[in-house]
Every structure is written in structure tokens, then in C-alpha cells.
Amino acid sequence: MDRRHRLAQQDCDHVWHPYASIVDPPLATTIVSADGVRLYTAEGQALIDGMSSWWAAIHGYNHPVLNNAAHGQIDRMSHVMFGGITHEPAVALASMLVDLTPEPLQKVFFADSGSVSVEVAIKMAVQYWHGMGCPEKNRFLTVRSGYHGDTFGAMALCDPVTGMHEHFTSVLQQHYFAESPGCRFDESWDDAYIQDFRQLMEAHHQQLAAVVLEPIVQGAGGMRFYSPEYLRQVKMLCEAHDVLLVADEIATGFGRTGELFACNYAGISPDIMCLGKALTGGYMTLAATLATDRVSRGISKNGGVLMHGPTFMANPLACAVAEASIRLLLNGPWRESVHRIEQRLLSGLAPCRGFSGVADVRALGAIGVVEMKTPVDLAAVQKQFVNQGVWIRPFGKLIYTMPPYIISDDDLDFLTRAIVRVAGSL
Ligand SMILES: *Cc1c(COP(=O)(O)O)cnc(C)c1O
């Protein structure tokens, strides 16, 4: 057996992959290097990356600026504990995040993954109301089709049908779920769209610590794009009923939707915001939970402190790369790139509308979605895409792409042509 096959065999024998069987594992594609928008397989094939490694690699791979930032920091100090210690990469990154996000967000907690940043947001909301003398406000209201992560607190806020609840019913906290936002991104507003949410808010606000949702784009829970007016209505109802608003911008942050943060479409500011995924440009794991002065003061009442502190909190290496990644983003034409990608995804994917198996085709920012009428056979479809030289990983009925912002028109056309061919064959 050559090395390549031995590696694949050992992977099958011992290594768990996300949401995958360990006894009958699907064969994984071995990637040996990556550069720009291309992933290189052990067989020497180049795949154009349509996933940005799950929303993260917005600048593509092996970027000289990010490599430099990582090298520079690793030669000084790759990690140091954050209890009682601070360092320049964390402080610089926190200041940058405070400057970029809506003005009321002033305090930054660095977490080690998106899910953990959602756990921290939940703790902040619960501790806030505890500090304010309302410990009964400890429930959450969210919308269906959401995704907020795989840890228990976050999972309890994921869509109850598609979001793993059945496996953990007895262990999960029970929260309130409104219908998923029915008003599409470009659709004109009708008050009926917020009715279910409003009723739940009116009925339960005395128990509610916060509303948690993904602004504008619901990601892994269905790749749905909804109206900014829905978000404005949610914000108004939160204010009217004294309930905090948590915006999970882990997937949408850093330009993916066409605005730097999706909340900007609605011109609203949440009380707590979660960031992750593209924060380090996809180089390593890092997330952040931002809070307003109001929230942080409430938590701190009577000497209260936020009860969280991961071992690798504010990892200097990740913070240094994140700062470089954000600088790179802001100094470049990200808005034009994302707009160009949106237009090209819309035209490139349009032929899918004619296929009998396709239910819907949509794009917003650098996100393109072909929704099929029935779930696709993941293993078979994945293989078809690899044979065509692209990396696309569908889930359920959704074939979708969110390429790195640096993708060229030619590479993007190559990607959409592959999607059209595969969707047409199903
Ligand atoms: C991916 C994601 C998370 C979870 O982040 P991890 O880094 O995978 O833990 C949470 N919320 C949203 C909206 C996400 O897209």
C-alpha cells in the first residue's frame, strides 16, 4: 500500500469527521496544500474552493500578508494565558472590533470557537438579568431554521427539527421558537410576517433574557435570506419588552452578505454580537462576543463577573492573524468584490431555474444557493464535484457556495458551471 492509500485507510480506521459515521465512513478527500482559491489533493488535482472552508477563508489560502502576521507573532510568542496577563495582539484586535461594529458595542470577550462565543452570549444575557435583579428572565426566543453551534447551549437554539434536538431532547434547555422569517430579502413587508414572533414575545417576555438570531442570512439551518425589516421589527419588539438582542454574525460577519455586518442592512445594533469563522481569515480558530456598556454594567452589578475563561482565550497567534486579516479586508475593495460575486452567481446559476429538480435559486453577497426539491446524495454529489475540479459540499436539499472574495471571474464561472451541470443531472 502506498503512503496515500495508507493515510486514507488510517483516516477511515481512526478519525472522526463532522456528522459522519465512524464505522462506515465515507472516503474523505486528502488535501496536501492550498493556495489562492485552490485546494490541492494528494492525487495532484487542483480543486477550486467554493466553500471558503465553511465561510472562513475570505482571502483564500496561503496569503502572504496573513502568513507574515503568523510568522511574526509565532517568533515572539504563540500563546500565553489570559488570566492576569494581556498582550498587544488581543488589545489591538479588540479595539478594531469595537471600532468596526455598531457604536454601542464596547466590550469584547475572546472565545475559542463560534459555538463557545454563543455560550458566552447566553451567559452574558443570563448574568445580566441576574445582576439586574430579574433572575426569572432566563429563557430565550429564537426563530426556526437557525443554526448557532454544536455545544449544548447553542444547540438548544438551533432549529428543533433539523438541528439535532431529537438526539438530545432530554438534556436540552427548552426555549421558544417563532416561525422562521417568511419575508424574503427583497420582498415587500407585511405585518403578518412578524405576527408569530410578536405573539411569543408578548406572551413570554417576563421570562425572556434575550432573542438570539442570525441577522439577514440563516446559514447552516437552511441558507435563507430574509428582509431587513424583519430584523428592525425584532429590534423594536426587544426594546418595547425589555429583552436583549443577540446577533449571531458568525457566518455573516466581515462582508459576506455585502455589508460588513448583516445588522447594517437593518441599521440596528444588537446588545450582544457573536463573531467567528472569517475573523482570522480562516487561518485558525478564534471567536469574539461583543457586549454593550449596558450589558457589561448589568453583569458587574454587586461585584459580578462574567463566569467564563477558556484556556486558549485570546490566543496571540490567532489575534495577530485576525488583525492582519481585517486590515487586509478593509484596505481592499471587498464591497466591490462581494457585489461582483453576487451578480456573477446570479447569472451563472440562473440556468438551474429551468431544471425540474430545482426548487429555488438565490444569491446574496458572496453566497449562492441552489435549493433542490429533494435531499441530494451527499457522497455521490461530492464525488461529481471533485471530478469536475471544484470543492462544493452540499447538505440536505442545498447545493451552495460562498467562495473566497478574491476569486476571479473565470474561476467563479468554472464553479457555477459545475453547479449547473450537477444540479441538471439530479
Ligand atoms: C458556524 C456557526 C456557529 C458555530 O461556530 P463554530 O466555530 O463551528 O463553533 C455558530 N453560529 C453560526 C451562525 C454559524 O454559522
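Remember, it's 1-based here, ligands and their atoms both numbered in the order they're listed.
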With a 4.0 Å cut-off, would you call [X] and [Y] a salt bridge?
X	Y	value
Asp360	Arg184	yes
Lys235	Glu239	yes
Arg327	Glu323	yes

Exercise for the section: State whether the shortest distance between N or O atoms of Gly114 and N or O atoms of ligand 1 falls below 3.5 angstrom. Expected result: yes
Handout entry: Min N/O separation Trp55 to ligand 1 under 3.5 Å
Key = no
Fill in the blank from the handout: Any heavy atom of Tyr147 under 4.0 Å from ligand 1? The part involved is both
Within ligand 1, which atoms have a heavy atom of [X] less than 4.0 Å away?
X	result
His148	10 (C), 11 (N)
Gly149	4 (C), 10 (C)
Asp248	10 (C), 11 (N), 12 (C), 13 (C)
Glu214	13 (C)
Ser115	4 (C), 5 (O), 6 (P), 9 (O)

Practice task
Only one of Arg198, Glu187, Glu179 passes side-chain hydrogen bond (donor to acceptor under 3.5 Å, both in side chains) with Tyr193; say which it is.
Solution key: Glu187
Problem - Value rounded to 0.5 Å, distance of NE2 in His205 from CG in Asp242 - result: 9.5 Å
Practice task
Kindly compute the distance separating CZ (Phe312) from CZ (Phe82), expressed to the nearest 0.5 Å.
Solution key: 14.5 Å
Fill in the blank from the handout: among protein heavy atoms, the one nearest atom 14 (C) of ligand 1 is Lys277 NZ, 2.9 Å
Problem - Pair Tyr61, Ser53: side-chain N/O donor-acceptor within cut-off below 3.5 Å - result: yes
